[in-house]
Structure formats: structure tokens, C-alpha cells
**Q** 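Take a look at this one; I'll ask things after.
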Protein chains: 2
Amino acid sequence: MSKIKETSTHYENKKNLGSECTEIYAANLIGGQWTLAICCHLANGKLRFGELRKRIPNITERMLTLQLRKMEQNKLVKRTVYAQVPPRVEYELTESALQLNPILKQLEEWGKKHRKTMD
Amino acid sequence: MSKIKETSTHYENKKNLGSECTEIYAANLIGGQWTLAICCHLANGKLRFGELRKRIPNITERMLTLQLRKMEQNKLVKRTVYAQVPPRVEYELTESALQLNPILKQLEEWGKKHRKTMD
DNA sequence: CTGTATCCTATTTGATACTG
DNA sequence: CAGTATCAAATAGGATACAG
């Protein structure tokens with residue numbers, strides 16, 4: 001999740017597609033490899049960093065951090081830091097992200113049906 | 001869109017996420033950079049290769065071909081070749097892809113609202 | 001017209017070690 | 001506990017030329 005170079009054609013294309021077409025913009029928000037996995041696990045309430053890490057198989061600390069930061073920027077998660085030793089940080093979905101849930105449910109339904117047509 | 005190496009951890013992770021969680025599987029299907037753009041333009045009926053290329057700004061022939069092939073594999077588009085000279089190839093959305101449309105509409109609605117919260 | 005082939009750059013993800 | 005830093009691998013995307 002390195003910083004995207006703002007002069008590349010690739011960057012331009014992605015930006016243009018997203019700004020012209022809102023469903024593309026939305027798909028880009030949830031399209032990260034771990035984004036929806038994190039959403040699933042936060043759907044039932046807030047979790048700490050370490051809890052998320054344990055629940056999501058194979059994710060590295062690095063990727064978890066990067067995804068959470070990106071989702072925070074995109075206003076999909078809220079991050080709360082408690083001034084303690086040892087540190088305690090909790091993550092939860094924003095109001096906006098919660099409104100995504102019914103849509104994801106439908107996507108899941110569609111995916112189940114579609115999968116059957118794939119054999 | 002190079003061939004994915006089936007021994008990499010990256011590949012394993014992606015596969016596992018997609019097979020456990022159907023909404024992730026579905027999101028992966030529509031997550032390509034040009035996938036939804038192509039869907040939009042095919043939503044109102046079949047189009048030829050060249051028509052698609054003209055309507056989608058900045059896409060190269062290479063990327064259009066790659067995306068269409070991927071979508072064909074994923075059973076999102078149907079490809080019809082007419083045995084003529086010069087060649088004529090038409091693309092159209094499959095039944096299954098058409099059922100995705102209402103969901104994309106909702107995603108679009110959500111995106112519009114969400115965008116406002118981003119300032 | 002509808003693609004392929006080749007080469008190259010950009011971006012994402014992973015492994016590992018380390019810090020406050 | 002909750003991250004960062006660094007380096008390397010893998011994947012995606014783009015430019016251009018060319019073929020059936």
C-alpha cells in the first residue's frame with residue numbers, strides 16, 4: 001500500500017473512472033484484498049488490533065495496519081486510542097460503513113448463485 | 001494481468017479469502033480496474049470490441065482484451081464471433097451479470113452518500 | 001477490425017526484524 | 001500491545017509494434 005504516484009497514467013485512469021462512475025468509486029473503496037474481511041469481523045462490534053489479527057488468518061501486522069489506515073482515511077473505520085500502558089486501540093465500523101452491510105449481504109447472495117454457474 | 005503464480009502466499013491468501021467469504025469472492029469478480037466500466041457500457045445491450053474501446057476513455061486494446069477474457073472466464077460476459085472478413089466480435093452481459101445490476105445501483109447510491117462524508 | 005507479443009513501469013503484498 | 005522499517009516478491013497496468 002505504498003503511496004500512489006500522482007503522475008502515472010495508471011493513477012489518472014483510476015481517478016477518472018472513480019470520479020465519473022460512483023459504483024466504481026464504491027468498488028474501489030471495498031476492493032482491497034483484506035478490506036471486506038475486516039468489515040466482516042467488525043460487523044458485530046469493535047475489536048482491538050490484536051483481536052483482529054487473530055481472527056483474520058494469515059494477515060500480517062503490516063497489512064492489517066495498512067488496510068486499517070486506508071479504511072480510516074476512507075471513513076470506513078473509526079480508530080480509538082486509549083492512553084494506557086500497554087497500549088489499547090479499538091477499531092469499529094463507521095455509520096457509513098454499517099450502511100454497506102445490506103448491500104454486502106446481497107452481493108453474497110449473488111455470489112452464491114453465480115458460483116453454481118461456474119462449473 | 002499476468003498469469004498468477006499458484007505457489008505464492010499472495011495467491012493462497014486471495015484464494016482462501018474468496019472461498020470462505022462469498023462477498024469477497026463476488027467483490028473480486030468485479031474488482032478489476034475496468035470491469036465495472038465494461039459492465040456499465042454493456043448494460044444496455046451488446047457492443048463490438050471497437051465500440052467498447054471508443055466508449056471507454058483511455059483503455060488500451062491490451063487491457064480491454066485482458067479484462068474481457070477474464071470476465072468471459074468468470075461468466076460475466078458472452079463473446080460471439082462472426083465468421084467474416086473483417087472480423088466482427090460482439091460482447092454482452094450474461095444473465096448472471098445482469099442480475100448484478102440492481103446491486104450496483106445500490107452501491108452507487110451508497111457511494112454518493114458516502115462521498116459527502118469525505119470532506 | 002480484432003486482437004497478440006514484447007518490454008517496461010507502477011503498485012500491492014509478504015517476510016522478517018525491530019521499537020516505544 | 002500495537003505498531004514501523006526495510007527489503008524482496010508478485011501482480012497489475014501501460015506503450016508500442018505488429019499479425020490474421
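Protein chains get the first letters and strands the later ones, always in sequence-line order, with residue 1 at the start of each.
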**Q** Calculate the interatomic distance between B:L66 atom CG and D:dA12 atom P; express it in whole Å.
**A**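 Result: 10 Å.
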**Q** Could you give the NZ-to-P distance, from A:K70 to C:dT11, as a whole number of Å?
**A**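 Interatomic distance, NZ of A:K70 to P of C:dT11: 13 Å.
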**Q** How would you label the contact of A:R53 with the nucleic acid (heavy atoms, under 4.0 Å): base, sugar-phosphate, or nothing?
**A**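 Touches nothing.
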**Q** Identify the heavy atoms of A:L52 and A:H41 that sit nearest to each other, and give their distance.
**A**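 In this case the closest contact between A:L52 and A:H41 is CD2-CB, 4.0 Å.
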**Q** Does the distance from a Lys or Arg side-chain N to an Asp or Glu carboxylate O, for B:R53 and B:E61, drop under 4.0 Å?
**A**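 Result for this pair is yes, salt bridge flagged.
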**Q** For the residue pair B:R115 and A:Y25, would you count it as a cation-pi contact if the rule is NZ or CZ under 6.0 angstrom from the ring centre and within 45 degrees of the ring axis?
**A**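 Cation-pi check for B:R115 and A:Y25: passes.
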**Q** Between A:R88 and A:E90, is the closest basic N to carboxylate O distance under 4.0 Å?
**A**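 A salt bridge links A:E90 with A:R88.
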**Q** Among D:dG3, D:dG14, C:dT4, which is the nearest nucleotide to the side chain of A:F49?
**A**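 Among D:dG3, D:dG14, C:dT4, the one nearest the side chain of A:F49 is D:dG3.
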**Q** Write down the distance between CD (A:E51) and P (D:dG3), rounded to a whole number of angstrom.
**A**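 The answer, rounded to whole Å, is 13 Å.
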**Q** Measure the distance from CD on A:E61 to P on C:dT16 and round it to the nearest whole Å.
**A**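 Between P of C:dT16 and CD of A:E61: 13 Å.
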**Q** From the set D:dA2, C:dA10, D:dA15, return the single nucleotide nearest to any side-chain atom of A:S8.
**A**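 So the side chain of A:S8 is nearest to C:dA10.
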**Q** Taking the side chain of B:Y11 as its heavy atoms from C-beta onward, which of D:dT11, C:dG3, C:dA15 lies nearest to it?
**A**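 Output: D:dT11.
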**Q** Ignoring backbone atoms, test whether A:R79 places a side-chain nitrogen or oxygen under 4.0 Å from the OP1 or OP2 oxygen of D:dG3.
**A**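 The answer is yes; a side-chain N or O of A:R79 sits under 4.0 Å from OP1 or OP2.
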**Q** If you look at every strand shown and take non-hydrogen atoms under 4.0 Å, does B:T9 touch a base, only sugar-phosphate, or nothing?
**A**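 Answer is sugar-phosphate: B:T9 comes under 4.0 Å of backbone atoms only.
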**Q** Among D:dG3, D:dG13, D:dA5, which nucleotide sits nearest the side chain of B:M63?
**A**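 Comparing D:dG3, D:dG13, D:dA5 against the side chain of B:M63, the answer is D:dG13.
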**Q** Rounded to whole Å, how long is the line connecting atom CG of A:N58 with atom C1' of C:dA15?
**A**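 A:N58 atom CG is separated from C:dA15 atom C1' by 13 Å.
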**Q** If each of B:G32 and A:V89 is mapped to the nucleotide of DNA chain D with the nearest heavy atom, which maps nearer the 5' terminus, i.e. the 5' end?
**A**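 So the residue in question is A:V89.
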**Q** Using only side-chain N and O atoms of B:R69, determine if any of them is under 4.0 Å from OP1 or OP2 of C:dT2.
**A**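 Negative; the distance criterion is not met.
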**Q** Side chain of A:R62, heavy atoms from C-beta onward: which of D:dG3, D:dG13, C:dA15 has the nearest atom to it?
**A**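 Of D:dG3, D:dG13, C:dA15, C:dA15 is nearest to the side chain of A:R62.
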**Q** Picking from B:L42, B:T80, B:V77, what satisfies side chain to side chain contact (heavy atoms under 4.5 Å, CB included) with B:E92?
**A**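 It is B:T80; the other options fail the test.
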**Q** Taking CD1 from A:I59 and P from C:dT12, how many angstroms apart are they, rounded to a whole number?
**A**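 In whole Å, C:dT12 P and A:I59 CD1 are 15 Å from each other.
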**Q** Rounded to whole angstrom units, what separation is found between the CG atom of B:N13 and the P atom of C:dT12?
**A**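 The answer, rounded to whole Å, is 17 Å.
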**Q** So what does A:Q33 touch, heavy atoms closer than 4.0 Å: a base, only the sugar-phosphate, or nothing?
**A**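 Here A:Q33 touches the backbone only, sparing every base.
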**Q** Using a cut-off of strictly less than 4.0 Å, decide whether A:Q84 has a side-chain nitrogen or oxygen near OP1 or OP2 of D:dA2.
**A**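 So the side chain of A:Q84 is outside the cut-off, no N or O lying under 4.0 Å from OP1 or OP2 of D:dA2.
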**Q** Please give, in whole Å, the distance from D:dG20 C1' to B:Y82 OH?
**A**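 So the two atoms are 20 Å apart, to the nearest Å.
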**Q** Closest approach of A:N74 and B:H114, non-hydrogen atoms and distance?
**A**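 Looking at all heavy atoms of both residues, the shortest contact is O-NE2, 2.8 Å.
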**Q** Taking only side-chain nitrogens and oxygens of B:R48, does any of them come within less than 4.0 Å of OP1 or OP2 of C:dT2?
**A**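 Answer yes for this pair, as a side-chain N or O of B:R48 is under 4.0 Å from OP1 or OP2.
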